[in-house]
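Order of the sequence lines fixes the chain letters, A, B, ..., with proteins taken first and strands second; residue numbering starts at 1 for each chain.
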Number of protein chains: 2
Amino acid sequence: MPTPPRTSLDAIVTAGRAILETHGLAGLTMQATARAVGVKAPSLYKHVADRDALVGLIADAAALDLAERLAAQDGLAGLARELRAWARAHQEAYRLAFSGRGSEQALATAAAPVLATTRALVGEESALDAARLVTAWATGFLSMELAGAFRLGGSVDDAFEYGLDRLTAALSR
Amino acid sequence: MPTPPRTSLDAIVTAGRAILETHGLAGLTMQATARAVGVKAPSLYKHVADRDALVGLIADAAALDLAERLAAQDGLAGLARELRAWARAHQEAYRLAFSGRGSEQALATAAAPVLATTRALVGEESALDAARLVTAWATGFLSMELAGAFRLGGSVDDAFEYGLDRLTAALSR
DNA sequence: ACCTGAACACCGTTCAAGT
DNA sequence: ACCTGAACACCGTTCAAGT
């Protein structure tokens, strides 16, 4: 006898994102996710292949969220500061989005505005190299900041602005 | 009746490093580590508090290994290229060392030569900010490279040298 | 057509009992 | 004084049985 679904992929991913942020990736269990959407764990397998797939979908949702924010920005400084603000506001989602567990497509969407900006700064030929410089710096900085790796004193805010300033200078003309 | 230990912390950490590199962090189980040193899993708890502590010790051993390599280098380019060579040769160890699961001390030791180099380049006042710029870029670049995140074409080697060149220019005088 | 209980394999960890 | 078997709680995952 056919039965209507009691949950949906959308509800599952949304619940997963909330659990991720409150309990971390380790707390994002199939059981916890199922409970959040009102079913038992085995039912989730009607909607996702396995936990890895669920984690990947959550990573993509986060990356697309970020992409939307970045698309509204202009210039290297705006992009970098918005990325940092987003990362600090959604630490677990940020870590997951850049962990390589999502699709390449979602991350590429988020990176597109950076590429457009470097193209304007250094021209077509060096745009990709320059985007990789900026992206590597920004994501490296944030992963260190979120991990609490800046422990030698000094202002982390100042270090971010210093890096942004030096990179902007290095990519000018 | 006293019994001599059948293994040691050193042997456990060494075995753990080998398992990490061949089977990844997920494969680094207490059981696998115990088997590698010839005891059963519960015996490991005589030497380490729990799996997290073991993982932390392995992260530190890797970071100190890297620190030794970096200490033999001179100049930004030498440091960056040696870091990249080491990261590619010990991918899992690299990821773990920079994951924040080790002690701050071990990573600080590895970072010391970078700080010394930026001090020589930009002076005492900006040395820390500059070291953070370089470190963030290098670790960000490598985490992306190891994750296979550079998929838009172009030469990854060229992108690395481009970044190194632009950063060197940005930190000159 | 979806959901569930029960079961399985596999973790980390504890601890009483062996030597 | 160290090591082990047995046990426990907790995972992810499968599947026959319910509705």
Legend entry - Greater than 12 external heavy atoms within 6.0 Å of Asp10(A)'s CG: no
Inset, instruction - Indicate yes or no: does Arg101(A) engage Asp60(A) in a salt bridge with an N to O separation below 4.0 Å. - result: no
Inset, instruction - Check DNA chain C against residues 11-41 of chain B and give the residues with a non-hydrogen atom under 4.0 Å, in numerical order. - result: Thr29(B), Met30(B), Gln31(B)
Legend entry - Note: Asp158(B)-Arg132(A) ion pair, threshold 4.0 Å (strictly below): no
Inset, instruction - May I ask you to say what Pro5(B) touches in the nucleic acid, namely base, sugar-phosphate or nothing, with a heavy-atom cut-off under 4.0 Å? - result: sugar-phosphate
Legend entry - Runs of at least three consecutive pairs that involve DNA chain D, where pairs are Watson-Crick or G-U with distances under 3.5 Å: C:4-8 with D:12-16, C:12-16 with D:4-8
Legend entry - Closest contact, heavy atoms only, Val13(B) versus Ala61(B): CG1-CB, 4.3 Å
Inset, instruction - To the nearest Å, give me how far apart CG (Leu9(B)) and C1' (dC2(D)) are. - result: 15 Å
Legend entry - Atom CZ of Arg84(B): over 12 foreign heavy atoms under 6.0 Å: yes
Legend entry - Non-hydrogen atoms of Leu96(A) and Ser99(A) that approach each other most closely: O-OG, 2.7 Å
Legend entry - Aromatic ring pairing Phe150(B)/Phe141(B), orientation class (parallel under 30°, perpendicular over 60°, tilted between): tilted
Legend entry - Salt bridge Arg81(B)-Glu161(B), side-chain N to carboxylate O under 4.0 Å: yes
Legend entry - Closest non-hydrogen atom pair, Ile19(A) against Gly27(A): CG2-O, 3.6 Å
Legend entry - N or O in side chain of Ser43(B) less than 4.0 angstrom from dC2(D) OP1/OP2: no
Legend entry - Carboxylate-amine/guanidinium contact Glu92(B) Arg17(B), below 4.0 Å: no
Inset, instruction - Please work out if Thr7(A) contacts a base, only the sugar-phosphate, or nothing of the nucleic acid, heavy-atom cut-off 4.0 Å. - result: sugar-phosphate
Legend entry - Residues in contact with DNA chain C, drawn from residues 45-60 of chain A - heavy-atom cutoff 4.0 Å: His47(A)
